[in-house]
Each structure stands twice: as C-alpha cells, then as structure tokens.
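In what follows, a single structure is set out as structure tokens and then discussed.
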Amino acid sequence: MMKSACYTRGPSPTREGRRYGMALVKGFWVGLCCLVLSLASACGTSSSVPPGGGAGFIASDPNVALSTQPPAFTLQILHASDLEASIAAVQDAPRFSAVVNALRPQFPNTVVLSSGDNYIPSPFYNASTDRSLQGRYNLTPGKADIEIINAIGFEAAAFGNHEFDQGTRQIRDLLRPDTGRGYAGARFPYLSANLSFSGTGELASADFAADGQEASSIRGRIAKTAVITVGGQRIGLVGATTTRLAAISSPGPEVRVEGRVDDTDQVSAALIQGFVDQLTAQGINKIILLAHLQQLQNEVSLASQLRNVDIIIAGGSHRVIAKPTDRLRTDLPDTRTGDYPILRSSASGQPVAVVNTGSNYRYVGRLVVSFDANGVIARIDPVSGAYAADDQGVAAVRGTPNPDVVRIANEIGNIIRTKDGRTFGSTTQFLNGLRAEVRTEETNLGNLTADANLAYARTVDPSTVISLKNGGGIRAPIGATTGGGGGEPVRRIPPVANPEAGKQSGQISQLDIETALAFNNGLSLLTVTAEELKQIAEHGVAQTQPGATPGRFPQIGGFAFSFDPSRPPGSRVLSLRVDTPTGRDVVVRNGQVQGDPRRTFRLVTLDFLANGGDDYPFPRLSNPNRVNLAPSSGITFDTPGSEQDALARYLRQIGVFTEPDTPPAQDTRIQNLSARPDTVLQGL
C-alpha cells in the first residue's frame with residue numbers, strides 16, 4: 001500500500017551539551033554497579049558535549065516533511081536494545097520495569113519492543129546455572145534474562161549478534177518452555193529477515209513460524225516478520241541482523257546471512273524491502289524495522305533507502321540519543337549523541353524516525369507517534385525521548401517495579417555477590433574498559449589484559465613475544481566513577497570496597513574479572529610473519545572513524561605501532577616494532593615492511609580471533625603452527641589458558657597494578673597520528 005505524499009516540514013530539535021557525574025548507590029551495590037555501568041557508556045566519557053554535538057553526533061534532518069493530514073491513530077512504542085544484563089541489572093532491571101509500568105498505561109495503544117542483544121555472557125547470565133536455584137533454570141545460562149524480559153512484557157525482538165554467542169543450541173533452550181521446571185520460554189518471537197536457518201542443526205521446524213503472523217501467536221519462535229494488532233490497527237514488524245554475524249559471534253554453519261556481507265555491517269535494502277512489501281501487500285501501512293546493525297549510522301543510512309518503513313529501532317551501537325531536555329543518568333557521564341528521534345526521508349519521500357536509547361536497562365525509549373489515515377507520520381509527541389531508569393527516573397514517573405523482575409534480580413544478585421570476596425591483586429588506578437575508549441584507543445586495562453595473556457603464553461612457549469586481543473572482548477572497566485554534582489568534575493577511581501564480601505578498596509575480585517572479560521575466551525598461540533603482522537595491525541584499525549566503536553580495534557602487548565586514520569584502510573600503519581628479548585625489531589617504517597618479510601614472531605591471541613572472529617586474518621596465515629591453550633567453549637574462571645584465568649594469575653604475580661590510563665595524545669603502544677606524533681621508532 002503506497003502512502004500519501006502530502007507533508008509539511010517538521011521541527012528540528014536543537015543540540016546542547018550537558019555535564020553528568022555519578023550519584024553513589026546505597027549499600028553493597030555501590031561498588032558493583034559503578035564497575036559495570038560503563039557497558040552503557042557507548043559514546044564516550046567526556047563530561048560535556050560541544051554545542052555542535054561532538055564527533056559522531058547524528059542530528060535530525062530539518063527538511064523532513066511530516067504529513068499535513070489530520071492524525072488518525074496514535075501509537076506509543078516503548079523500546080530498548082542491548083539489554084545485556086550484567087551486575088548493574090540487579091538494580092537497573094527492576095527500575096526499567098518500573099518506568100515501563102508507569103508509561104505503558106498513559107496511551108491506550110502501546111507496544112514494547114527490543115532490537116536485540118537481549119542477553120550476553122556475563123556473571124548475571126551465568127548465574128542461571130547456579131545449583132542454589134534448585135534446578136529452576138535447568139543449569140542453562142540466560143534463562144533468568146529471558147524471564148525478566150518476559151515479565152517486563154516485550155512483545156517482539158530482533159536477533160542481535162550476542163544471541164548467537166553460544167550457538168543455536170543455546171537459542172533453542174532459551175526459546176522453548178520447560179514446564180517441569182516452571183520456565184515459560186521466550187514469550188515473544190525473535191525476528192530477522194536477513195538470516196536463514198538450515199533446519200539441520202539444533203533448531204527444529206517447530207522453532208520457526210510463518211512470516212506475517214500475530215506476534216502473540218508465535219511466542220518463542222523465529223520468523224522474519226510479524227504483526228501486532230493494537231487499537232484495531234495492524235503494526236508490521238521486520239527484523240534485521242548485522243551481516244557480520246559469523247565474524248563477531250558464533251552462529252555456526254546452521255545460520256546463513258542473506259545479502260551482502262562486508263565490513264560495513266549494512267544489510268541489503270532490497271532484501272529488507274521485499275519483506276516490507278509483503279506486509280504492505282496485506283494492507284498494513286505502519287511498519288517498524290527492528291534493526292541490529294552495530295553502528296547507528298547504518299540504521300540512519302538505511303532509513304533513506306527503504307520505502308514504507310516508518311520507524312527504525314536501532315541496536316548494537318549502545319548510542320544514547322535523546323532530546324536536549326531529557327535528563328541523562330548521572331552515575332556515569334552518559335552523552336547525548338543524537339537527536340530523539342533522528343528524522344530522515346525515505347526513498348519515497350516519507351518521514352522515517354530512527355531511535356535508540358543506550359543499553360543495559362539504563363533507559364526506556366519512548367516514541368509516541370501519530371499517523372494519518374494513510375499510515376504516514378503526522379506528529380511526534382513531545383513526551384517522546386529517553387527515560388532514565390535510575391531512582392530519580394522512577395520517582396519522576398511514579399513507577400512501581402514488576403515483582404517478578406525484583407525477585408529474579410534478587411536471586412541473581414545473591415549468587416554473584418559472593419564472587420566479589422575472592423580477590424587477585426589490586427590496582428591504584430581506574431582500569432579503563434569503557435566501550436567508547438577500549439574500541440578506539442589504547443587503554444590501561446587493554447594493556448594489562450594483553451600483558452597477562454602474554455605472560456601466561458610464555459609459561460607454555462617461552463618464544464612467544466607479542467600479544468593481541470580485540471577491544472570488543474573487554475566488556476566493562478574495573479573501577480568506579482565519582483563526582484559530577486554541582487559542577488564538580490567526574491573522577492575515575494579504583495574499585496571501591498565491599499565490606500560485606502571482605503573486599504578492600506582497590507582490590508580486584510573474581511567478579512571484577514568476570515565482568516570485564518565476560519566472554520572468557522580461550523588463548524591460542526600462532527606464528528606470524530613480519531608481513532602478516534602488518535596486515536593484522538592494518539585490519540585492527542581499518543574501521544576507525546569518528547563516532548564508530550569497532551569491536552576489532554586491538555589491545556596489544558610486546559609491540560607498538562602507529563597509524564594514520566585519515567589514510568585509506570590497508571595503508572594506515574606507518575611504524576611498527578616488536579620488543580623481543582634480544583632487542584627492538586623494526587617491522588614497518590614509513591608504511592613499508594623492513595627486512596625479511598618472512599621472518600616470524602610467536603603471538604598469543606584469543607581463540608575467537610584465531611578462528612577468524614572480527615574478520616581477523618589468522619585463519620589465512622601461511623604457517624600458523626597453532627596451539628590452543630584452552631577450549632573454545634565451556635571454559636570457567638579457573639580453566640588454565642582462559643583469559644580470565646590468565647588475568648587472575650598475572651595480578652597475583654604483579655601484586656599491585658599502577659599504570660595510569662592515558663589519553664590518545666600520550667598513548668605509546670597504539671599511536672593515533674591524528675592525536676600525537678609518531679615515536680614508535682624513535683632512536684631506532
């Protein structure tokens with residue numbers, strides 16, 4: 001069904017900066033919540049934003065024309081992405097439910113939607129396996145996450161990449177009910193138009209549903225599209241998943257991504273359009289795309305390529321977009337990096353609203369939109385925006401948390417709390433694992449974990465000289481932030497004490513390590529040539545650009561390199577040296593490999609990367625001589641050769657870590673030449 005083309009220019013929200021800090025939470029959770037709230041700080045940690053919005057800010061197009069026809073139907077969409085429960089969810093998930101409970105009844109026509117990454121391997125996720133829960137979750141990680149999502153009332157979700165981190169068997173076990181243990185299964189469908197399943201693996205035909213059915217009739221099943229009927233109106237839903245799924249997760253051979261697969265994470269607009277057209281052919285004239293495309297710019301770009309899509313709920317970027325008047329959370333300096341909503345014109349000239357509101361249960365996104373009789377957006381209600389799910393946010397809307405969410409969060413909190421009393425060394429510094437920094441620059445936590453992997457590898461193979469891991473594998477900092485109130489600057493501090501667990505200030509616990517290195521990858525040893533090492537470094541910085549947070553960005557030990565992000569990908573690394581036991585080996589000078597390009601270096605990396613994760617070229621090495629130090633799945637904190645175990649051992653060895661984090665202008669291992677001069681080869 002084509003929509004009317006009668007519009008008028010809509011308003012253009014202004015942009016402004018704000019300053020935020022942390023308000024300490026009460027009791028034991030002060031340390032735990034501060035530790036991991038950074039999982040939601042996807043856009044940086046600057047305490048203020050320039051009037052223009054700063055690098056990567058995405059503004060609404062002021063020329064977008066809204067319909068001039070009278071509004072005929074108003075819809076409230078409550079939405080989230082990247083819920084990815086970790087320690088902070090013990091408090092944030094109940095508060096999120098309270099905000100949803102307060103907002104839902106304010107408009108009779110309301111839907112609650114997720115754009116994916118509903119869970120992620122973490123202490124919270126793994127707590128479902130604890131035997132103290134008396135088998136309620138059948139020792140299956142992630143079931144508590146799904147029960148929380150069910151209780152909040154999500155009606156549909158897109159597949160993100162983290163849903164596949166433990167393969168399709170895990171998806172099967174979370175989708176299906178287990179009535180014998182009181183587990184309801186997922187009470188919502190998962191959608192993705194660009195994923196195909198072979199049907200020969202863990203998932204069976206009963207796990208799938210035909211497209212275009214009512215979401216409430218296909219709960220716990222997989223489809224490409226679905227429909228929600230509310231207020232007598234049918235709302236079409238289409239899902240979309242990053243095309244790089246196989247490179248950044250573990251879907252296995254059963255799952256195939258349809259359409260183009262490249263470094264952009266962008267899906268084929270033509271492929272998505274086909275499923276949109278199927279819905280409009282049924283007479284549906286209001287379409288929502290649930291898209292998990294990793295970088296917000298991908299969803300914004302897609303908006304202009306599609307016809308008859310009205311709303312895109314983005315996912316994967318963790319970007320906080322909000323109105324200038326929205327109050328952002330003060331427990332970490334969240335930064336507004338886009339207007340709410342971001343307005344674009346579709347390929348047929350109709351308005352499209354793109355929304356996203358951070359991650360980790362920190363905000364409820366609220367879009368209240370009125371459509372004309374043809375299904376074209378006629379008005380965005382000013383109540384739309386990002387609603388903070390902290391105590392102040394709950395009080396502002398007078399919300400009451402869902403009792404089931406509170407119960408589940410308390411159960412999980414009691415389990416993970418005990419891990420904070422088992423400590424391994426200490427730090428005098430805040431260990432920076434903030435998403436916006438560990439994926440764009442060298443950080444002290446990146447250095448520490450890379451060095452820990454190198455130290456462990458040398459106990460197995462003393463010839464190992466270099467270490468490389470991906471910044472996307474670091475999921476949180478170890479430490480806290482304080483200040484920010486009354487104009488006071490935000491300060492980053494070492495881990496705070498937890499007297500109930502016997503943890504002193506500055507000590508690093510098992511819980512800290514499990515949270516920061518949530519995936520707990522195994523380690524692998526590989527042999528790389530000088531030429532291959534340059535290619536690996538080039539790959540690591542190939543996606544660096546303003547506003548992007550690529551998970552492949554490296555954190556390294558045993559070598560240093562410089563790169564110029566203004567140069568074309570593949571030609572950015574200008575200097576590179578390896579620090580061997582016998583001296584410093586110049587590998588790259590002025591962008592050219594020096595000496596014998598076939599000379600080799602022994603390297604330790606994550607098995608995820610060794611298998612080609614994040615598209616790293618390790619599987620194509622000429623003579624890798626690979627040795628796996630731990631299995632790639634089923635590993636635990638105490639498994640020798642896992643990254644968590646390597647860090648725990650290294651901390652015990654060094655005792656106290658004292659290396660401060662530095663801004664890019666002072667980084668020495670990874671030198672970004674847009675921020676500092678090249679000193680990698682100084683004196684060589």
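Side-chain atoms of Glu84 and His318, non-hydrogen and from C-beta on, do get closer than 4.5 Å to each other. The closest side-chain heavy-atom distance from Leu296 to Ile342 is below 4.5 Å. Taking 4.5 Å as the limit, some side-chain heavy atom of Val656 sits within range of a side-chain heavy atom of Thr428. Using a 4.5 Å heavy-atom threshold, the side chains of Thr515 and Phe124 count as separate. Here the side chains of Ile474 and Leu445 are in contact, with some heavy-atom distance below 4.5 Å. Residues Asp614 and Asn470 have side chains in contact (heavy-atom distance under 4.5 Å, counting atoms from C-beta outward). Side-chain contact between Thr440 and Thr544 is absent, with no heavy-atom pair separated by less than 4.5 Å. You'll find the side chain of Asn444 reaches within 4.5 Å of the side chain of Phe657, heavy atoms only.
At a threshold of 4.0 Å, the pair Glu441-Arg435 does not count as salt-bridged, since none of the basic side-chain nitrogens sits closer than that to a carboxylate oxygen. Between Arg362 and Asp334, at least one side-chain N (NZ, or NE/NH1/NH2) sits under 4.0 Å from a carboxylate O, which counts as a salt bridge. For Arg669 and Asp451, the salt-bridge test passes: some basic side-chain N is under 4.0 Å from an acidic carboxylate O. For Asp585 and Arg577, the salt-bridge test fails: no basic side-chain N is under 4.0 Å from an acidic carboxylate O. Salt bridge status for Arg602 with Asp461: present, with a side-chain N to carboxylate O gap under 4.0 Å.
A donor-acceptor pair is defined here as one N or O able to donate and one able to accept, closer than 3.5 Å; no such pair exists between the side chain of Arg599 and the backbone of Thr529. Proximity of a side-chain donor or acceptor of Gln555 to a complementary backbone N or O of Leu468 within less than 3.5 Å is not detected. Side-chain atoms of Glu643 come within 3.5 Å of backbone N or O of Asn521 as a donor-acceptor pair. For Asn611 (side chain) and Gly613 (main-chain N/O), no donor-acceptor pair under 3.5 Å exists by modelled atom type. Of the possible polar contacts, one joining the Thr443 side chain to the Asn432 backbone as a donor-acceptor pair under 3.5 Å is found. Formation of a donor-acceptor pair under 3.5 Å by the Tyr616 side chain with backbone atoms of Arg552 is found in this model. Arg567 contributes no side-chain N or O that, together with a main-chain N or O of Arg572, makes up a donor-acceptor pair within less than 3.5 Å. When atom types are taken as modelled, the side chain of Asn628 and the backbone of Ala630 share no donor-acceptor pair closer than 3.5 angstrom. Between the side chain of Glu163 and the backbone N or O of Gly160, at least one donor-acceptor pair lies under 3.5 Å. Panel note: side chain Ser301, backbone Asn298; no donor-acceptor pair is recorded below 3.5 Å.
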Practice task
Carefully, step by step, assess Ser81 and Asn356 under the rule side-chain hydrogen bond (donor to acceptor under 3.5 Å, both in side chains).
Solution key: CA-CA 7 Å; Ser81 69; Asn356 196 70; 3.3 Å; yes

Practice task
Start with the C-alpha distance between Glu437 and Arg492, add both sets of side-chain angles, then the distance that settles salt bridge (charged side-chain N to carboxylate O under 4.0 Å, His left out), and finish with yes or no.
Solution key: CA-CA 14 Å; Glu437 295 175 42; Arg492 300 175 178 182; 2.8 Å; yes

Problem - Audit row: Asp678, Ser562, side-chain hydrogen bond (donor to acceptor under 3.5 Å, both in side chains) steps and yes/no - result: CA-CA 6 Å; Asp678 189 344; Ser562 67; 2.7 Å; yes

Practice task
With salt bridge (charged side-chain N to carboxylate O under 4.0 Å, His left out) as the test, would you mind laying out the steps for Arg329 and Asp92 before giving the verdict?
Solution key: CA-CA 12 Å; Arg329 290 183 57 157; Asp92 284 340; 3.1 Å; yes

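Looking at residues two or more places apart in sequence or on another chain, you find a ring pair (Phe, Tyr, Trp, His ring centres under 6.0 Å) between Phe164 and Phe159.
For the side chain to side chain donor-acceptor pair (under 3.5 Å) test with Ser249, the passing option among Asn161, Asp117, Asp165 is Asp165; the others fail. When the options Leu526, Thr605, Asp579, Leu533 are evaluated for a side chain to side chain contact (heavy atoms under 4.5 Å, CB included) with Ile466, the one that passes is Leu533. None of Val604, Val578, Leu454, Leu603 except one satisfies the side chain to side chain contact (heavy atoms under 4.5 Å, CB included) rule with Val465; the exception is Val578.
Relative ring orientation between Tyr125 and Tyr119 is described as parallel, the plane-to-plane angle staying below 30° on a 0-90° scale split at 30° and 60°. Classification of the Phe563-Phe561 ring pair by plane angle, with boundaries at 30° and 60°, yields tilted.
Defined by atom type and a distance below 3.5 Å, a donor-acceptor pair is missing between the side-chain atoms of Thr639 and Asp645. In this model, a donor atom of one side chain and an acceptor atom of the other lie less than 3.5 Å apart for Lys469 and Thr449. For the residue pair Asn520 and Ser642, a side-chain donor N or O sits within less than 3.5 Å of a side-chain acceptor on the partner. Using a 3.5 Å distance cut-off with no hydrogens or angles, the side chains of Ser509 and Asp512 do pair a donor with an acceptor. Between the side chains of Gln510 and Asp420, not a single donor N or O lies within less than 3.5 Å of an accepting N or O. A side-chain donor-acceptor contact under 3.5 Å links Thr582 and Thr580. Between the side chains of Arg458 and Asn453, no donor-acceptor pair is found at a separation under 3.5 Å. In this model, no donor atom of one side chain and acceptor atom of the other lie less than 3.5 Å apart for Gln429 and Asp661.
Separation of atoms OG (Ser575) and CG (Leu673) is listed at 7.5 Å; rounding is to 0.5 Å. For the atom pair CG (Leu681) and CZ (Arg584), the distance works out to 9.5 Å, reported to the nearest 0.5 Å. Leu647 CG to Glu514 CD: the interatomic distance, rounded to the nearest 0.5 Å, is 11.5 Å.
Between Phe519 and His162, the ring centre distance stays below 6.0 Å. A distance of 6.0 Å or more separates the ring centres of Phe608 and Phe618.
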